[in-house]
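As the structure is a computational prediction, the values presented were derived from the model and not from experiment.
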Amino acid sequence: MNHPIEEIRPSRRHILSLVGAAPVIGLSALPRLVRAESDEILTEALVLRDPEIPAAGNAAGDIAIVEYFDYQCPYCRRLEPELRQVVHDDGKVKLVWKDWPILGPASVTAARMGFASKYQNKFVEAHEALIAVNSKLTDARIREALAGAGVDIDRLDRDLSAHAADIDAVLVRNDDQATAFEFRGTPSFIVGKFRVPGALTMAQFTQVIADARKAAGLKKK
């Protein structure tokens, strides 16, 4: 379910209710796809460390936050600076943005263009530019935002064509994972091995990160 931030009470008990009946949920225990490739799609490696998706934050961090998001999602947009602040303040969190374009064709266009920016090492810059757009996304507006972030648009078009199959494969994989996790909207998260189907406050993210470390037997140094 897509929860506006103000509807979530900042209690630890409520946070744990978001991630399931038990404090810790292993990825293998979550709902699985009926597709034949479900085992591969829901491996811990592909969920937390998909090699095709560049990471923000601390790429060598001990805990990963995976966000399933849509560039047209207002909750994703509002949450972004707070999530980035939590990741920055912690210093040992890897942040993985997984495009889940569920809000229409413009979302798909933005997801494909944003992701294709990785081929010129501009993935993070592209994400920050697109998630900050407050107006309705159009092809022209997307290109304008990416150009303003330093993305070479001519090369972007070439990369979109040359890597179309790879880009679409990542988007399909993200969608398959989000569906298997029974997410109902954006933003939704995996934090360590916790399933968080909605937006949290900074304090709640901090608590879930701490719980994820505890569950993994880790201590922040």
Side-chain angles (χ1 to χ4, degrees), residues 27 33 35-61 64-73 76-77 80 83-84 87 94-181 183 185-190:
L27 297 178
L33 293 169
R35 297 186 180 186
E37 65 268 25
S38 61
D39 287 342
E40 289 77 16
I41 290 170
L42 287 184
T43 63
E44 183 173 328
L46 274 183
V47 171
L48 300 179
R49 300 181 296 277
D50 191 322
E52 296 300 318
I53 302 177
N58 184 343
I65 295 179
V66 179
E67 179 185 10
Y68 294 84
F69 74 97
D70 186 305
Y71 282 119
Q72 295 197 104
C73 167
C76 301
R77 187 178 304 120
E80 179 76 10
L83 177 58
R84 290 297 300 271
V87 171
K94 177 170 69 173
L95 179 57
V96 181
W97 291 304
K98 294 201 173 187
D99 291 280
W100 189 26
I102 58 176
L103 298 178
S107 295
V108 176
T109 298
R112 296 187 78 252
M113 288 187 175
F115 190 79
S117 299
K118 81 165 192 168
Y119 298 107
Q120 49 184 293
N121 297 317
K122 292 288 186 179
F123 179 81
V124 172
E125 292 87 346
H127 176 84
E128 292 176 343
L130 291 176
I131 202 68
V133 175
N134 287 313
S135 58
K136 182 178 180 180
L137 286 180
T138 63
D139 186 272
R141 186 69 188 91
I142 293 166
R143 290 173 180 273
E144 179 184 6
L146 292 176
V151 175
D152 182 328
I153 301 301
D154 288 336
R155 177 175 174 181
L156 179 70
D157 286 332
R158 294 194 299 271
D159 287 334
L160 280 167
S161 177
H163 300 283
D166 293 332
I167 294 168
D168 290 343
V170 169
L171 295 182
V172 168
R173 184 159 66 243
N174 293 349
D175 179 65
D176 286 343
Q177 290 174 358
T179 300
F181 291 140
F183 291 146
T186 55
S188 292
F189 301 88
I190 299 294

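Side chain of Asp70 to backbone of Leu103: a donor-acceptor contact under 3.5 angstrom is found. Side chain of Gln72 to backbone of Ala106: no donor-acceptor contact under 3.5 angstrom is found. Of the possible polar contacts, one joining the Lys118 side chain to the Glu52 backbone as a donor-acceptor pair under 3.5 Å is found. Put simply, the side chain of Asn174 never gets that close to the backbone of Lys98: no donor and acceptor are under 3.5 Å apart. Side chain of Arg49 to backbone of Ala64: no donor-acceptor contact under 3.5 angstrom is found.
Here the closest non-hydrogen pair linking Ala145 and Ala129 is O-CB, 3.6 Å. For Val133 against Leu137, the heavy-atom pair with the smallest separation is CG1-CD2, 3.7 Å. The minimum heavy-atom distance between Gly57 and Val87, with the atom names listed, is CA-CG1, 3.7 Å. Contact detail for Leu160 and Arg112: the closest heavy-atom pair is CD2-O, 3.5 Å. Residues Arg141 and Ser135 come closest through the heavy atom pair NE-OG, 3.3 Å.
Looking at Thr186, Thr179, Asp175 one by one, the single match for side-chain hydrogen bond (donor to acceptor under 3.5 Å, both in side chains) with Trp100 turns out to be Asp175. When Val124, Ile65, Val66, Ile131 are each tested for a side-chain contact (heavy atoms from CB on, under 4.5 Å) with Trp97, only one passes: Val124.
In this structure, NE2 in His163 is found 12.5 Å from CG in Asp168, a value given to the nearest 0.5 Å. Rounding to the nearest 0.5 Å places CG of Leu130 at 6.5 Å from CD1 of Ile142.
By the 30° and 60° cut-offs, the orientation of the rings of Phe123 relative to His127 is parallel.
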